[in-house]
Amino acid sequence: MLVLGIDTSCDDTSIAVYDGRENKVLSNIVSSQYQFHQEFGGVVPEIAARKHAENIDIVFNEALKVAGITTEDIELVAVTGAPGLLPALLVGLTFGKGIACWKGIPLKGVHHIEAHIFSSFIGTSPQFPFLSLIVSGGHTLIVLVESFGKYRIIGKTVDDAVGEAYDKVAKMLGLGYPGGPVIDRIYRNYDGDFLPLPKPRVPDFNFSFSGLKTAVRRLIEKGYVCEQIAASFQKTAMEYLIEKLKRAIREFQVKRVAIAGGVSANSLLRQTLKKMETEEGIELFLPEMEFTSDNGAMVAYTGYRKFLIEGEDNLDINAVARSSL
Ligand code: KG4
Ligand code: ZN
């Protein structure tokens, strides 16, 4: 079954073609809009929606071309319906509904976080249960995944998401948007001493990143150099994520660990987790770099499997900005 996967939940217009039977991604096209949001230091919903509307048919045609198929070959449309920026979500959802309606093929709405969760397993099959650390611009969650559709949130951020903290720290340091890749690059090239930063004490497996951001502001005011602050921030933020994850692994006795979301591209996070594979005896599932940030392939993969289990959705499904797993 050839599946079209669409995601316009934030600032990437993403469309993929995925062959469900072969478990193979035939194309995965992403048109990033970050340069239009850069001057605002974050994503502006109305600009995001306008750019999605301008670009979606270009991205769609490119996805078909790279996959070597035509609209006649598509057998299922999987599209992100929630959560995300409402005007942005509506562009992809309406486009997907249009194709399903036009071609008389089934439609499957996909939860964006659920799609991220399975991004490490595209091309393979997940083995349950596993712990998923979802780290993006909008979310920081530890989820116990028992099967497709059975999720237990065991920890989440009480304020900023880790990616949001990266973006805010980068903005304070004048490093532009998005902050993650720049700060990660600075960390990799840095060989000096690290500044001590606080790891917020939040109970259980929850996280807090707003205190870390305030501590960074104080270091800037004290006149420390940008590279030292950025590298110290990354070290503390990643140690904090890993400490909570390690505790969750022990508490829930689950040795399979997957990560997902834009921050899962982080070099220090990946390197530390790889070390844990031998030290802690965990089985690690890292997403391919192209599937760390928002993409249509994860939506197609997840939508296809949910379609096999639950069947299709009605054309009246709606976009929802805030939606728990
Ligand atoms: O999942 P994503 O593409 O979009 C959503 O938020 O849904 O995640 C984007 C976030 C941004 O905050 C960006 O700064 C962060 O991922 N990011 C990184 C890295 N690459 C992207 N954070 C840390 N290290 C990176 N290498
Ligand atoms: Zn995302």
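Numbering of ligands and ligand atoms starts at 1, following listing order. Note that the numbering runs from 1 along the sequence shown for the chain.
Ligand 1 has an N or O atom lying under 3.5 Å from an N or O atom of Asn266, backbone or side chain. In terms of N/O distances under 3.5 Å, ligand 1 is approached by Asp167. For ligand 1, the polar-atom distance check finds no N/O of Asp12 at less than 3.5 Å from any of the ligand's N/O atoms. Distances between N or O atoms of Pro178 and those of ligand 1 include no value under 3.5 Å.
Nearest protein heavy-atom contact of atom 22 (N) of ligand 1 is Gly180 CA, 3.3 Å. With respect to atom 8 (O) of ligand 1, the closest heavy atom belonging to the protein is Gly262 CA, 3.3 Å. Nearest protein heavy-atom contact of atom 6 (O) of ligand 1 is Gly137 N, 2.8 Å. For atom 15 (C) of ligand 1, the nearest protein heavy atom (residue, atom name, distance) is Val263 CG2, 3.9 Å.
Ring to ring, Phe252 and Phe130 are not that close: their centroids are 6.0 angstrom or more apart. A distance of 6.0 Å or more separates the ring centres of Phe36 and Phe40.
Contacts with ligand 1 closer than 4.0 Å are made by side-chain heavy atoms of His116 only, the backbone lying farther away. Residue contacts with ligand 1 for Pro181 involve both N, CA, C or O and side-chain atoms from C-beta outward (heavy atoms, distance under 4.0 Å). Proximity of His112 to ligand 1, defined as any heavy-atom pair under 4.0 Å, is confined to the side chain (atoms from C-beta onward). With a 4.0 Å heavy-atom cut-off, ligand 1 is reached by the side chain of Asp184 but not by its N, CA, C or O.
Side-chain contact, Thr13 with Asn55: no donor N or O sits under 3.5 Å from an acceptor N or O. Using modelled atom types and a 3.5 Å distance limit, the side chains of Asp11 and His52 yield no donor-acceptor pair. In the model, Asn295 has no side-chain atom that pairs as donor or acceptor with a side-chain atom of Ser14 under 3.5 Å.
Annotation for ligand 1: atoms under 4.0 Å from non-hydrogen atoms of Gly163 are 12 (O). Close contacts between ligand 1 and Gly179 involve ligand atoms 14 (O) [criterion: under 4.0 Å to a heavy atom]. When each atom of ligand 1 is checked for a heavy atom of Gly138 under 4.0 Å away, the hits are 6 (O).
The distance from the Zn ion (ligand 2) to the nearest N/O/S atom of Cys10 is not under 2.8 Å. When distances to the Zn ion (ligand 2) are checked against a cut-off of 2.8 Å, His112 contributes an N, O or S atom below that limit. Inclusion of Asp7 in the first shell of the Zn ion (ligand 2) is not supported: no N, O or S atom falls under 2.8 Å.
Atom OD1 is the N/O/S atom of Asp294 found closest to the Zn ion (ligand 2). Checked against the Zn ion (ligand 2), the N, O or S atom of His116 at the shortest distance is NE2.
Ring geometry for Phe207 versus Tyr240: interplanar angle over 60°, hence perpendicular rather than tilted (30 to 60°).
Using modelled atom types, no side-chain atom of Ser323 and backbone atom of Val320 make a donor-acceptor pair closer than 3.5 Å. Between the side chain of Ser27 and the backbone N or O of Ala63 there is at least one donor-acceptor pair closer than 3.5 Å.
For the ring-ring contact (aromatic ring centres under 6.0 Å, His included) with Phe128, the lone residue among Phe285, Phe148, Phe121, Tyr151 that qualifies is Phe148.
Salt bridge annotation for Asp167-Lys171: absent, with no cationic side-chain nitrogen under 4.0 angstrom from a carboxylate oxygen.
A cation-pi contact links Arg305 to Tyr301, judged by a cut-off of 6.0 Å to the six-membered ring centre and 45° from its axis.
In this structure, Asp12 and Tyr34 have side chains that are not in contact, with every pair of non-hydrogen atoms separated by 4.5 Å or more.
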